[in-house]
Every structure is written in structure tokens, then in C-alpha cells.
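In what follows, every chain begins at residue 1, and chains take the letters A, B, ... in the order their sequences are listed. Excluded from the calculations below are hydrogen atoms, water molecules and symmetry mates; all remaining heavy atoms, backbone and side chain alike, are included.
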There are 2 protein chains.
Amino acid sequence: MSNYSKQRESILNIIKKLKTHPTAEEIYMKVKQIDERISRSTVYRNINILVENAEINKISMPVGPDRYDYIDNKHNHVICEKCGKVFDFYYEVPKTLKNEIQRQLSGKISLTESLEINGICYECKSKKEKWEV
Amino acid sequence: MSNYSKQRESILNIIKKLKTHPTAEEIYMKVKQIDERISRSTVYRNINILVENAEINKISMPVGPDRYDYIDNKHNHVICEKCGKVFDFYYEVPKTLKNEIQRQLSGKISLTESLEINGICYECKSKKEKWEV
DNA sequence: CTTAAATTAGGAACTATTCCTAATTTTGTT
DNA sequence: AACAAAATTAGGAATAGTTCCTAATTTAAG
């Protein structure tokens, strides 16, 4: 746990506190307020280590940089296809869905529980309605 | 439909033919075999237009460049978190899941049917088992 | 045909991320 | 505590993927 460097500790703590799915850059700016000497590459490197160690989640975005998420209670994401905004929702992936995937893809891939569904947020939707007139 | 430029037609046809979730670069290389004068920026620009027009899907990857997918029959994706390999599966998103998301996030976002579930493919899994010993 | 609008090729610019190197910090051993 | 080995750092250069810019060309409309 705590045989982590000071820098890695700070980075993990920031991500734990933020409930906003921050980008690497946002994390960097926040950590800088605590340790102004930290370098961007240290932040990126440690974020990757934390993902590798499954302490945080990476969320790949349809637009803009990746976002990160502390893994506490299991939750899933709905992501806006246009602007990339992320919404959390809480729901156990149904067994029937898991079974069906297993049936179709057995021997190829095994699931890791985390579910992402695409949508269009109402902000982007109302923008589009204006354009399309 | 066909008040598209010659270049855009070629790009769409290539994506239709390929069942491999190609990257922009892969599409560019294929189109080049037909029209060797086409430029990379034309390929990128038209891919974005086709996504905007909902003729193709963009798949954001956990690793490496985005991939694209012709929208014929509805299908969803399971994506390897480590290497980004994409597997198709066919399944209607259950109504209970849709309803639950609607209940939790109503007024914020509306779904667009396309579902992405993360996993770890067996190739990456067997690699990891070797490391972890 | 002529003019306007859209699209192109080609390359520069940009954004996000990784890689490199020498210096510093941490860990383990005695 | 003193030392060597291993891990990590800061800082910046390099890379990958994508978008943007411009002048030239193509297509569409009157």
C-alpha cells in the first residue's frame, strides 16, 4: 500500500477525492497545488501504474483526453458521444447479458464488469436541434 | 446519398467492406490503393463527416487510435482493456437496463443503443499470468 | 458559361502522451 | 550508520494521432 512514493500517494489521494472523472491534466493541476515541484511525466507515469494495479479506472473518451475514476463501489458509465461528459449509474450487469456474451465470445475474452453505454446528453441534443432547423 | 465527393464515396465503401474495425490510418492505406493521390487529411475529415451523419460508428479505444465501424445490423462491442481488440456481439440492450438508466439519469442524457463492455482478451490474460508468477 | 460553394492535397500546427537522461530518493544489507 | 542496488523523479525532447490552414481544383447552381 504505502511503499508508494510521496508523489504516487498524492496522485491517488487527489483521484479519490475528485468525483468528477478528471483528465490527467486536471489531476496534474490539482497535485501541483500540494506539491508544486511535481512534473507532468510523473503524473502520467503514476496514473498508468495505478490503472495497471487496478486502483483506478481509465475511461476512454469519444472526444478529448482520457479520464480517470477511483474504484470504490462498483458503478458504470453513460458517456455522451458528442462532448464526452460522463454520468455514473449503479446497476449490476444482468446475468443474461453476461451469459450471452460468454456464449458468443467464449475463448476470446472475459468480462471485467465495467459497462459503458453511449448516449447524447441533453445539452448537446438541444444544440443539435438548433443546428438542424 | 451520392452527392458525395468521389473521395468520400471511396472511404465509405472501404469501411463497408472491412469487418475489422479499422483505424483511420488503416482506412487511409486501403483507400490509397484505389486513389493514390488522396491525402490523409481528406480521409480524417470525411471519416468525421460520416460519423456526424451517423453512417459509421466511432469506437474510442483504451489504447491506440480510434476505430471505425459501418452501421448495418445493430451490434455491440466487447473491448479488451489491455490491447484494445474489439469483439462484436449481437444482443438487444435489455429494457430493464434502459429503464434503470433512465430513472437514474433522466433529464441528463438519452441513450443511443450502442453498448460497450470491457474485458480482457485471452491473449492478454495469458501474458499477465506469466508476469505475475 | 460564370460565379459561388464545397472539397481537395499537402503540410504545418496542435494535443495528449510517452520516452530519455541524469539526479535524487528509497530500500536492503551489513 | 554506511554503502550499494533499485526505484523514482524532474524536465524536456520525441512521438502519435488528429486537426487546421491555404491555395488550387472540382462540383453545383443560375
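Rounded to whole angstrom, the span from the OH atom of A:Y28 across to the C1' atom of D:dG12 amounts to 12 Å. As rounded to whole Å, 18 Å separates atom P of D:dT26 from atom CD of B:E9. Distance CD (A:E26) to P (C:dT17): 11 Å, rounded to an integer number of Å. Taking atom CD on A:E52 and atom C1' on D:dA7, their separation rounds to 17 Å, with Å as the unit. Rounded to an integer number of Å, the gap from A:M61 CE to C:dT17 P is 11 Å. We find that OH of A:Y44 is positioned 19 Å from P of D:dA14, with the value rounded to whole Å. Rounded to a whole Å, the CD atom of A:E25 is 15 Å from the C1' atom of C:dT18.
Of the inter-residue distances, the one linking A:T112 atom OG1 with B:K125 atom NZ reads 9.5 Å to the nearest 0.5 angstrom. For the atom pair NZ (A:K85) and CE (A:M61), the distance works out to 10.0 Å, reported to the nearest 0.5 Å.
For A:Y28, the side chain to side chain donor-acceptor pair (under 3.5 Å) test picks out A:K32, with sequence neighbours left out.
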Got a list of protein N/O to nucleotides 8-12 of chain C N/O distances below 3.5 Å?
residue : atom : partner : partner atom : Å
C:dT8   : OP1  : B:S5    : OG           : 2.5
C:dT8   : OP2  : B:R45   : NH1          : 2.3
C:dT8   : OP2  : B:R45   : NH2          : 3.4
C:dT8   : OP2  : B:N46   : ND2          : 3.3
C:dT8   : O3'  : B:Q7    : NE2          : 3.0
C:dA9   : OP1  : B:R37   : O            : 3.4
C:dA9   : OP2  : B:S39   : N            : 3.2
C:dA9   : OP2  : B:S39   : OG           : 3.4
C:dA9   : OP2  : B:T42   : OG1          : 2.1
C:dG10  : OP2  : B:R37   : O            : 3.4
C:dG10  : N7   : B:S41   : OG           : 3.3
C:dG10  : O6   : B:S41   : OG           : 2.9

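A donor-acceptor pair shorter than 3.5 Å can be found between the side chains of A:R45 and A:T42. No side-chain donor from either of B:N57 and B:H77 sits under 3.5 Å from a side-chain acceptor of the other.
Within residues 62-69 of chain B, no residue has any heavy atom under 4.0 Å from DNA chain C.
Under the 4.0 Å criterion applied to side-chain N and carboxylate O atoms, B:E100 and B:R103 are assigned as salt-bridge partners. Here B:E26 pairs with B:R67 in a salt bridge; the nearest charged N to carboxylate O distance falls below 4.0 Å.
Look at B:N48 and you'll find a side-chain N or O under 4.0 angstrom from OP1 or OP2 of D:dT19.
Counting heavy atoms from C-beta outward, B:L97 and A:F89 have side chains that approach closer than 4.5 Å.
Of the listed residues (B:K58, B:K19, B:H75), just one forms a side chain to side chain donor-acceptor pair (under 3.5 Å) with B:D69, and that residue is B:H75.
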